2 protein chains.
Amino acid sequence: MHRVPSAISYTINKLEEDLGVELFERSRHKAELTAIGHLVLEQGRKILTAAEELTTQARQAADGWEVQLRICIESILSCDAIYDLIEEFQKIQPKTEIRLSEK
Amino acid sequence: MHRVPSAISYTINKLEEDLGVELFERSRHKAELTAIGHLVLEQGRKILTAAEELTTQARQAADGWEVQLRICIESILSCDAIYDLIEEFQKIQPKTEIRLSEK
DNA sequence: AACGTTTACGTCACGCGTAACTATT
DNA sequence: AATAGTTACGCGTGACGTAAACGTT
């Protein structure tokens with residue numbers, strides 16, 4: 001997955017052209033991200049992460065497991081049993097996200 | 001942007017293969033989305049929307065406008081002037097999202 | 001027969017790497 | 001001289017459309 005400089009240059013130029021937006025400040029020697037460049041980078045990373053999470057979620061679900069497990073308990077009292085259960089569950093299915101909320 | 005059936009078939013197959021997940025139930029004549037297929041479709045749409053929003057945000061920002069404008073006002077009293085201002089602002093820059101919060 | 005989908009195949013564009021070049025420190 | 005970036009160029013592959021085949025209703 002290592003990309004050679006010219007490939008990066010090409011990709012950046014194309015992206016800038018497609019967007020019609022300057023992503024890098026090239027007045028100096030070392031090119032630096034513009035303000036918009038930072039915006040695109042940050043948000044772009046979030047989008048990529050979301051995409052990656054989606055693929056892992058899809059694959060997990062294909063294995064027959066739910067993606068999330070939302071547990072809502074009424075009382076704060078005697079949660080110990082539940083914590084134990086969660087612990088046990090995580091051992092056999094560590095990939096499933098558990099969201100625990102009280103009240 | 002219209003894609004021919006075979007192109008769609010190709011794309012779907014590749015996606016399923018890359019994910020290692022069945023997205024369509026093909027036992028019947030008309031192919032139908034599996035449960036995971038629905039998940040991928042819904043989440044995928046969200047991701048695409050986010051990507052599109054990012055490009056419009058980038059282009060807007062390039063035009064010299066902030067993407068969001070967050071206004072926080074102290075008192076609930078006499079907000080009318082602000083509402084008028086917002087109304088005026090929206091006329092000249094309808095693309096900028098305004099988030100108004102009180103207290 | 002009509003519809004929905006897949007398979008086979010040829011084509012073209014796009015993204016990449018190699019290599020050479022330019023400019024800044 | 002070394003570093004950072006771009007430009008020129010050729011190549012491979014991957015996504016597409018055309019066309020044909022297949023299976024279901």
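Naming convention: chains lettered A, B, ... in sequence-line order (proteins, then strands); numbering from 1 in each chain. Everything quoted here is computed from the prediction, not taken from an experiment.
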### Query
Considering the terminal five base pairs at each end of the helix from dA1(C)-dT25(D) to dT25(C)-dA1(D), what angle separates the two local helix axes, rounded to 10°?
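The end-segment axes of the helix from dA1(C)-dT25(D) to dT25(C)-dA1(D) are tilted 20° relative to each other.
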Rounded interatomic separation in angstrom, taking [atom1] from [X] and [atom2] from [N]:
| X | N | atom1 | atom2 | result |
| --- | --- | --- | --- | --- |
| K30(A) | dA2(D) | NZ | P | 17 Å |
| R26(A) | dT25(C) | CZ | P | 16 Å |
| E32(B) | dT5(C) | CD | C1' | 14 Å |
| E16(A) | dG5(D) | CD | P | 13 Å |
| I12(A) | dT7(D) | CD1 | P | 13 Å |
| F24(A) | dG5(D) | CZ | P | 8 Å |
| K14(A) | dG5(D) | NZ | P | 21 Å |

### Task
State, to 0.1 Å, how close I47(B) and L54(A) come at their nearest heavy-atom pair, and which atoms those are.
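Smallest interatomic distance, heavy atoms only, reads CD1-CD2, 4.0 Å.
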### Task
Quick one: closest heavy-atom pair of A62(A) and V21(B), and the distance?
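That closest heavy-atom pairing would be CB-CG2, 3.7 Å.
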### Query
Is there a side-chain contact between T56(A) and E52(A), using heavy atoms and a 4.5 Å cut-off?
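No, their side chains stay 4.5 Å or more apart.
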Polar atom pairs (N or O), protein with nucleotides 20-25 of chain D, under 3.5 Å:
{"from": "dG23(D)", "atom 1": "N2", "to": "H29(B)", "atom 2": "NE2", "distance (Å)": "2.8"}

Just how far is it from atom [atom1] of [X] to atom [atom2] of [Y], taken to the nearest 0.5 Å?
| X | Y | atom1 | atom2 | value |
| --- | --- | --- | --- | --- |
| L23(B) | I36(B) | CG | CD1 | 8.0 Å |
| Q60(A) | E53(A) | CD | CD | 10.5 Å |
| L41(B) | L33(B) | CG | CG | 6.0 Å |
| T34(A) | F24(A) | OG1 | CZ | 8.0 Å |

### Side-chain N,O (R3(A)) to OP1/OP2 (dC16(C)) below 4.0 Å
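Yes.
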#### Entry: side chain to side chain contact (heavy atoms under 4.5 Å, CB included) against E42(B), all qualifying residues, sequence neighbours excluded
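Partners of E42(B) under the side chain to side chain contact (heavy atoms under 4.5 Å, CB included) test: H38(B).
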### Under the side chain to side chain contact (heavy atoms under 4.5 Å, CB included) test, residues paired with T55(A) that sit two or more places apart
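For T55(A) the side chain to side chain contact (heavy atoms under 4.5 Å, CB included) partners, ignoring immediate neighbours, are R59(A), L19(B).
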### Message
Generate the contact string for nucleotides 7-13 of chain C. Rules: B means base contact, S means sugar-phosphate contact only, - means no protein heavy atom under 4.0 Å.
### Response
B------
### Task
Would you mind listing every salt bridge (charged side-chain N to carboxylate O under 4.0 Å, His left out) that reaches into residues 10-25 of chain B, with sequence neighbours excluded?
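Salt bridge (charged side-chain N to carboxylate O under 4.0 Å, His left out) check on residues 10-25 of chain B returns K14(B)-D18(B), E16(B)-R26(B).
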Could you tabulate the donor-acceptor pairs under 3.5 Å formed by side-chain atoms of residues 4-13 of chain B, not counting sequence neighbours?
{"from": "T11(B)", "atom 1": "OG1", "to": "A7(B)", "atom 2": "O", "distance (Å)": "2.8"}
{"from": "N13(B)", "atom 1": "ND2", "to": "S9(B)", "atom 2": "O", "distance (Å)": "3.2"}

#### Entry: V4(B) vs I8(A), nearer the 5' end of DNA chain D by closest nucleotide
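Counting from the 5' end, the first nearest nucleotide belongs to I8(A).
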